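All values derive from a computational prediction rather than experimental measurement. Whatever order the structure lists ligands and atoms in, that order sets their numbers, starting from 1.
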Amino acid sequence: MINVEFTLRKFEPRDLDIVMYINRTTLPENYTSRFFMEHHERFPEAFLVAEVEGNVVGYVMSRVELGLGCTVKGIIKKGHIVSIAVLPDYRRRGIGSKLLEQAMEALKDIYGCKEVYLEVRVSNNPAISLYEKYGFRKVKIIRGYYLDGEDAYIMARPLIFTAKPI
Ligand code: COA
């Protein structure tokens, strides 16, 4: 499969099972159905799925928090990319990029966030490359952040001007 046509739309409750399946099979950080539904209820514009031929193959789930900025001064609204994943067969087709881009646009334009941040395993080179392509920088390292003891980078970027790659 070289080119794949995909579309993005907001998560709907009927997507819960497939999104939880994608999460369970691609990431060690798994959550309860309540956790997913709460994000959908509170931040519906920044919880998106990608579809190929009517099947969900990826998602991004985000939330909005108030806190001290890492890349912007002061107490600000920060978008938090909580989880993003694409099924292995559909990777390297631009789906992860589009999910990230559209979530950042919603965080900026709809929720008024001035910054976006996320945690990523220090060994997760594909994800780190994706985030760097979108202008995220490593701003902090949290030792032993994950349950298995791996460290996390906090990566962040301002959302003031654009959500496009910079
Ligand atoms: N190795 C190196 N760079 C990679 C990569 C890989 N295996 N996969 C993606 N990238 C980087 C590249 O810079 C790529 O741009 P390019 O294809 O022009 O070189 C860029 O990311 C965008 O790739 P894209 O096709 O949009 O991403 P994707 O649809 O493959 O999804 C992830 C990327 C990270 C979401 C996907 O690999 C995934 O689901 N991983 C498992 C879950 C996960 O780790 N989530 C992140 C947790 S923090």
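Counting heavy atoms from C-beta on, the side chains of L100 and F136 come closer than 4.5 Å. In this structure the side chain of S97 reaches within 4.5 angstrom of the side chain of Y134, judged on heavy atoms.
The existence of a salt bridge linking E115 and R157 is excluded, since no basic side-chain nitrogen approaches an acidic carboxylate oxygen closer than 4.0 Å. E65 has a carboxylate O that lies under 4.0 Å from a charged side-chain N of R63, or vice versa, which qualifies the two as a salt bridge. Under the 4.0 Å criterion applied to side-chain N and carboxylate O atoms, K98 and E101 are assigned as salt-bridge partners.
Screening residues 118-127 for salt bridge (Lys or Arg N to Asp or Glu O under 4.0 Å) gives E29-R121, R121-D148, R121-E150 as the qualifying pairs, with residues at least two apart or on separate chains.
Near ligand 1, residues T26, L27, I84, A85, V86, R91, R92, R93, G94, I95, G96, S97, E119, V120, N124, P126, A127, S129, L130, Y131, K133 each place a heavy atom inside the 4.0 Å sphere around the ligand atoms.
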